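Remarks on the structure that follows.
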Amino acid sequence: MTATPDPLHRAAFPADFTFGVATSSFQIEGATNADGRGVSIWDTFCREPGRIHDGSTGDVACDHYHRWPEDLNLMRDLGVDAYRFSVAWPRIQADGRGPANTKGLDFYDRLVDGLLERGLQPHMTLYHWDLPQALQDIGGWTNRDVALRFAEYARIVAERLGGRVRSIATLNEPWCSSILSYQIGEHAPGLRDRRAAVAAAHGLLLGHGLAMREMRALTLDADLGIVLNLNPAYPASDRPEDVAAARFVDGTFNRWFLDPILRAQYPQDIVDAYGADAPDVHSGDLDIIAAPIDFMGVNYYSRSVSSADGAIRPSTSSYTDMNWEVYPQGLTDLLVRLHHDYPNLPPIMITENGAAYPDADGPDEHGIVHDPERVQYFQQHLGATLNAIDAGVRVTGYFAWSFMDNFEWAYGYKKRFGLFYVNYGNQMRHWKDSARWYQTFLNAAPAAHAPQPEEVIAAPQH
Ligand code: IFM
């Protein structure tokens with residue numbers, strides 16, 4: 001295995017490796033009433049008292065709906081190859097069905113053209129949680145009709161934009177839009193019902209498979225796939241009960257989504273554990289869900305450590321502002337494990353990786369935010385990615401989460417994940433040291449000698 005070069009630079013990665021940044025529609029766009037957009041479940045959820053920690057909404061967010069040209073300019077200055085964004089379903093079909101809203105499609109059309117004009121590859125996600133409220137009113141993802149509506153929406157968007165984007169992911173993190181949303185109740189629609197959550201997970205996967213079928217029929221050049229958030233589960237000890245606890249976490253979090261997509265089956269141990277709450281799988285569903293994909297998107301943030309008595313928090317580790325353990329080795333382990341356990345695995349794109357830190361001091365007198373912990377987080381996880389590539393795993397891209405600070409769901413605007421700092425008072429974007437570091441990493445030629453610190457900090461071009 002090659003040791004991670006110090007300092008790390010992109011030349012250590014395969015020449016065609018894609019580096020990008022990622023966001024999602026509801027977290028940045030704002031303009032929730034513009035141009036015929038319908039109401040999403042997150043608009044509703046934000047208005048329910050106590051749901052969002054700081055009482056905020058997505059009404060303005062980063063105002064990206066109006067400021068996208070400046071944001072794309074910043075991405076170009078940053079030097080990334082690619083931008084991963086998501087399409088807001090209620091902008092395309094206000095109630096989740098029926099004819100497309102042209103003005104909604106026009107927005108993403110301009111965005112895609114704006115990316116291409118700046119030499120940036122568009123990577124599009126169709127569903128990053130902003131379900132039209134009208135579809136929640138008929139049961140959301142627990143209603144199989146919603147999976148059919150999703151396939152129809154996917155066709156509409158792919159017909160209009162699919163010829164110009166590099167990849168299309170159907171869903172982002174179906175664990176979050178099912179278990180976290182219908183069982184744990186932390187995300188919209190905020191239910192606490194395991195049976196509904198498991199049904200929603202199945203509905204989402206079915207929607208993914210049906211959307212794949214619709215989009216394949218269009219014979220696009222874009223790669224088609226899905227994005228899962230995966231959480232490697234480690235036992236706290238070798239005791240059989242701790243090992244079993246970790247296996248259960250792995251089963252509900254990871255295998256529940258990986259196995260149907262890559263093996264056309266649900267993991268039997270978890271089907272048994274769910275008992276009467278297991279999903280109602282119709283004949284043919286699993287073949288639809290297991291339609292071949294061109295890439296597997298992996299979002300990695302942290303790991304879990306399980307014991308028979310519950311989750312453990314290793315005391316020697318450091319934690320991000322989300323209280324998530326910083327554990328880069330988990331990314332290498334996860335990628336290697338996927339490679340070994342799933343013979344049908346297509347190339348992996350790391351579609352999200354990043355860390356929230358408070359950035360409490362805000363911009364300094366030069367307008368720069370100093371975020372050394374985030375710089376270190378990115379360095380460590382890019383190194384962990386490189387180690388997996390060296391171990392033989394096919395990883396083709398890495399997208400930092402996030403391009404800029406944004407609406408962090410139930411946490412509102414208090415958690416900052418951005419490479420760029422957003423002043424929500426005046427909507428100014430500020431470079432953080434992590435953005436400057438990424439810029440240097442992306443632009444640096446392989447060094448013939450170990451550069452001194454002043455050589456590796458490039459001045460931002462903005
Ligand atoms: O902000 C989210 C994103 O929407 C989905 N993946 C995890 C990120 C950090 O929580």
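What you see below is based on every heavy atom in this structure, not just the backbone, and it leaves out hydrogens, waters and symmetry mates. Because the structure is a prediction, the values reported are computed rather than measured. We count ligands from 1, going down the list as the structure has it; atoms in each ligand are counted the same way.
Ligand 1 has a nitrogen or oxygen under 3.5 angstrom from a nitrogen or oxygen of Trp401. Between Ser24 and ligand 1, a contact under 3.5 Å exists for no N or O pair. At least one N or O atom of Trp409, backbone or side chain, sits closer than 3.5 Å to an N or O atom of ligand 1.
Ring orientation note: the planes of Tyr421 and His430 are nearly perpendicular, at an angle over 60° on the 30°/60° scale.
With values rounded to the nearest 0.5 angstrom, Phe253 atom CZ is found 8.0 Å from Leu180 atom CG.
You'll find the ring centres of Tyr266 and Tyr274 outside the 6.0 Å limit. Aromatic ring centres of Trp437 and Phe378 lie farther apart than the 6.0 Å criterion allows. For Tyr411 and His53, the ring centers are positioned less than 6.0 Å apart.
Contacts of Phe26 with ligand 1, taken as heavy-atom pairs under 4.0 Å, are absent altogether.
A donor-acceptor distance shorter than 3.5 angstrom exists from the side chain of Arg394 to the backbone of Leu345, with no hydrogens or angles considered.
Looking at atom 6 (N) of ligand 1, its nearest protein heavy atom turns out to be Glu352 OE1, 2.5 Å. Protein heavy atom closest to atom 8 (C) of ligand 1, with residue, atom name and distance, is Tyr301 OH, 3.4 Å.
The contact set between ligand 1 and Trp324, taken as ligand atoms under 4.0 Å from a residue heavy atom, comprises 10 (O).
Side chains of Arg91 and Gln93: a donor-acceptor N/O pair is absent below 3.5 angstrom, by distance only.
One option in Glu408, His187, Met322, Glu173 has a heavy atom closer to atom 2 (C) of ligand 1 than any other, and that option is Glu408.
Contact annotation: Lys415 has no heavy atom less than 4.0 Å from any atom of ligand 1.
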